[in-house]
Every structure is written in structure tokens, then in C-alpha cells.
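Note that the numbering runs from 1 along the sequence shown for the chain.
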Amino acid sequence: MQDAPYRLHYMPSTASLAVHWMLIELGVPFELELVDFETRVQRSPEFLKLNPSGRVPVLVVDGVPRAEVAALLMLLAERHPEAGLAPAVGSAERADYLQWMLFLANTLQPAFRVWFYPDEPAGPDQVAAVQARARADIQAIWARVDVRFAEGRRYLVGERLSTADFLLTMLTRWSRAMPVKATDFPHLGAYVGRMRAIPSLREVHVREGLTDWIGD
Ligand SMILES: N[C@@H](CCC(=O)N[C@@H](CS)C(=O)NCC(=O)O)C(=O)O
């Protein structure tokens with residue numbers, strides 16, 4: 001039997017979820033490999049050969065390991081253009097799409113890294129101050145995105161689902177245990193409600209054994 005073209009190294013409920021979700025949405029064959037954070041598999045020599053950053057997701061594409069969630073989503077959209085999950089190159093929505101993908105990956109996602117790993121920027125003594133800053137940064141971004149949805153748009157970019165929605169929705173999920181959640185913002189909350197109705201998002205929760213947030 002031929003190998004699946006994709007092998008996703010993942011840990012449930014982490015940055016790999018958006019890629020897992022998109023593979024299910026695309027309906028392509030893929031294999032899964034659990035990276036158990038409990039036993040620090042992400043720091044093992046074998047895993048570091050796949051991704052020297054020691055982080056998930058890693059997607060092995062036709063035998064070559066690739067990393068960075070935003071890049072992987074864009075790569076999958078490019079490899080499966082029939083799914084229409086990225087605006088066409090040269091289209092009116094393309095610039096907006098690139099801007100939002102990069103903003104989410106460069107600004108919002110790193111703020112969450114700081115929130116979840118607060119000793120990384122300045123050591124254990126500064127955890128409270130660092131987390132306060134991350135909270136403020138994340139909330140300011142939710143407020144900005146909420147304004148965008150207040151305009152009546154259904155999707156983050158253009159008029160149809162794109163990888164920007166996969167990334168944004170995953171990141172809204174990460175706020176579920178924060179004092180202020182993405183869903184506390186009315187227009188953003190309504191958007192998250194619409195995303196939660198997508199069968200492939202519900203399916204990835206089932207496959208990763210996740211029961212929180214999706215049914216809220
Ligand atoms: N820049 C990376 C970040 C990925 C990342 O931070 N992954 C986290 C899980 S959400 C991870 O693997 N953490 C394990 C660790 O840092 O030991 C990406 O966008 O893919």
C-alpha cells in the first residue's frame with residue numbers, strides 16, 4: 001500500500017490542531033504521530049531532526065518535514081486549490097489574506113506563547129508582569145478583530161472560508177481559560193459560533209479527544 005502523502009506530528013489541543021482540522025476538511029489521506037509533551041518527545045533527538053525548534057506541528061509532506069502552522073495551512077491551500085481555502089494570487093482579497101495570516105502568526109500567536117510559557121521572556125520572577133502584558137496584548141487584538149466582524153462580514157477575509165479562519169478560530173480557542181475570552185466580544189463571539197458549526201472542526205475535536213470549548 002502506498003504511504004499517505006501527509007504525516008502530521010501533533011499533540012492534542014496545541015498549534016497542530018489547525019493543520020489537523022484542515023487535513024480533515026480537505027478530505028485527503030494522512031497519518032498521525034503523537035508527540036507526547038508529558039515525556040518531552042518534542043525535545044528528543046529524533047524529533048529535533050524533524051523540527052530543530054522542538055515544536056509541533058510538523059507535517060511531513062511527500063517525505064520532507066515542514067513546520068510553522070501558518071506556513072503549513074498556506075502550503076495545504078496551495079497544494080489543494082480546488083478546496084478554495086486561499087484567495088487566488090492576484091485577486092482583490094489576496095493582500096488582505098496575506099496581511100491577516102502574517103498578523104495572526106507574527107503577533108497574536110506569539111502573545112499566546114508568552115501567556116502559556118510566561119517564564120520564557122524574563123524568567124520565573126517576572127511571570128505575573130509578563131502574563132499581564134500578554135493578556136492586554138491579546139485583548140487588544142480581540143477588540144480589533146471584533147470591530148472587523150461588526151462590519152457584517154462572515155469570514156476574516158473575503159466572502160468565503162480560508163486558512164485565515166482556521167488559524168483565527170484555533171487562536172480564539174486558546175483564550176478559553178483566560179479571564180477575558182475571544183467569545184466575550186459580541187461580533188467575534190458570533191463568528192466563533194458559526195465556525196463551531198463546521199463539521200470538520202467538530203470532528204477534529206472528537207479525534208483529539210477534546211470536549212471543552214466546542215460545545216460551549
Ligand atoms: N512558531 C511555531 C510555534 C508552535 C508552538 O509554539 N507549538 C507549541 C504547542 S502550541 C509547542 O510545540 N510547544 C512545545 C514546547 O515548546 O516544548 C508554529 O507556528 O508552528
Closest approach of Pro87 to Val157 (non-hydrogen atoms, all atoms of both residues): CG-CG1, 4.3 Å
Donor-acceptor contact present, side-chain Arg7 to main-chain Glu31, <3.5 Å: no
Interatomic spacing from CE in Met74 to CG in Leu98 - rounded to 0.5 Å: 7.0 Å
Contact summary for Arg160 and Asp165, nearest pair of heavy atoms: O-OD2, 3.9 Å
Closest approach of His9 to Phe47 (non-hydrogen atoms, all atoms of both residues): CB-CE1, 4.0 Å
Verdict with reasoning, Leu26 to Leu76, per side-chain contact (heavy atoms from CB on, under 4.5 Å): CA-CA 9 Å; Leu26 290 171; Leu76 285 172; 4.1 Å; yes
Side-chain donor/acceptor of Lys49 to backbone N/O of Glu46, under 3.5 Å: no
Side-chain heavy atoms of Arg135 within contact of Pro179, under 4.5 Å: yes
Donor-acceptor under 3.5 Å (Thr14 side chain, Met11 main chain): yes
Phe185 vs Arg144, side-chain contact (heavy atoms from CB on, under 4.5 Å): CA-CA, chis, key distance, verdict: CA-CA 10 Å; Phe185 292 78; Arg144 178 174 160 187; over 6 Å; no
Close side-chain approach of Phe30 and Ile24, heavy atoms under 4.5 Å: yes
Side-chain touch Glu33/Leu8, heavy atoms, less than 4.5 angstrom: no
Value rounded to 0.5 Å, distance of CG in Leu167 from CE in Met22: 11.0 Å
Short N-O contact, Arg154 and Glu159, less than 4.0 angstrom: no
Distance, nearest 0.5 Å, that separates CG of Leu201 from NE2 of His20: 11.5 Å
Tyr117-Val130 co-clustered via ILVMFWY side chain contacts under 4.5 Å: no
Ring center gap for Tyr6 and His80 short of 6.0 angstrom: yes
Trp21 ring center near His205 ring center (under 6.0 Å): no
Heavy-atom side-chain contact between Phe112 and Gln109 under 4.5 Å: no
CD1 on Ile138 to OG1 on Thr107, rounded to 0.5 Å: 11.5 Å
Minimum side-chain heavy-atom gap Leu188-Thr172 below 4.5 Å: yes
Donor-acceptor side-chain pairing of Tyr191 and Asp146 below 3.5 angstrom: no
Spacing of CZ belonging to Arg173 relative to OG belonging to Ser13, to within rounding of 0.5 Å: 3.5 Å
Asn106 side chain to Phe103 backbone, donor-acceptor under 3.5 Å: no
Shortest non-hydrogen contact between Ala86 and Arg94, atoms and distance: CB-NH1, 4.0 Å
Side chain to side chain, Ile198 and Glu25, heavy atoms closer than 4.5 Å: yes
Linked, directly or transitively: Val206 and Trp213 (ILVMFWY side chains, under 4.5 Å): no
Pi-cation contact, Trp115 with Arg133 (under 6.0 Å, within 45°): no
Non-hydrogen side-chain atoms of Leu168 and Trp100 separated by less than 4.5 Å: no
Pair Arg176, Thr183: side-chain N/O donor-acceptor within cut-off below 3.5 Å: no
More than 12 heavy atoms from other groups under 6.0 Å of CD on Glu78: no
Glu82 CD: over 12 foreign heavy atoms closer than 6.0 Å: yes
Same cluster (ILVMFWY, side-chain, under 4.5 Å), Val114 and Val127: no
Minimum-distance pair of heavy atoms, taken over all atoms of Gln42 and Val35: N-CG1, 3.7 Å
Within-4.5 Å side-chain heavy-atom neighbours: Tyr10 and Leu17: no
Separation between CG of Leu104 and CG of Leu156, rounded to the nearest 0.5 Å: 6.0 Å
Path from Val180 to Val147 over hydrophobic side-chain contacts below 4.5 Å: no
CA sep, side-chain torsions, deciding dist, call: Phe116, Trp174, side-chain contact (heavy atoms from CB on, under 4.5 Å): CA-CA 9 Å; Phe116 286 122; Trp174 289 4; 3.9 Å; yes
Any side-chain donor near an acceptor of the partner, Tyr97 and Thr163, under 3.5 Å: yes
Single-linkage hydrophobic cluster, 4.5 Å side-chain cutoff, Val41 and Leu48 together: no
Which donor-acceptor pairs under 3.5 Å do the side chains of residues 52-67 make with protein atoms, sequence neighbours left out?
unit_1 : atom_1 : unit_2 : atom_2 : d
Ser53  : OG     : Asn51  : OD1    : 3.4
Asp62  : OD2    : Arg79  : NH1    : 3.4
Asp62  : OD2    : Arg79  : NH2    : 3.2

Pairing of Arg148 and Asp96 as salt bridge, 4.0 angstrom limit: yes
Shortest non-hydrogen contact from Ala105 toward Ala70: CB-CB, 3.7 Å
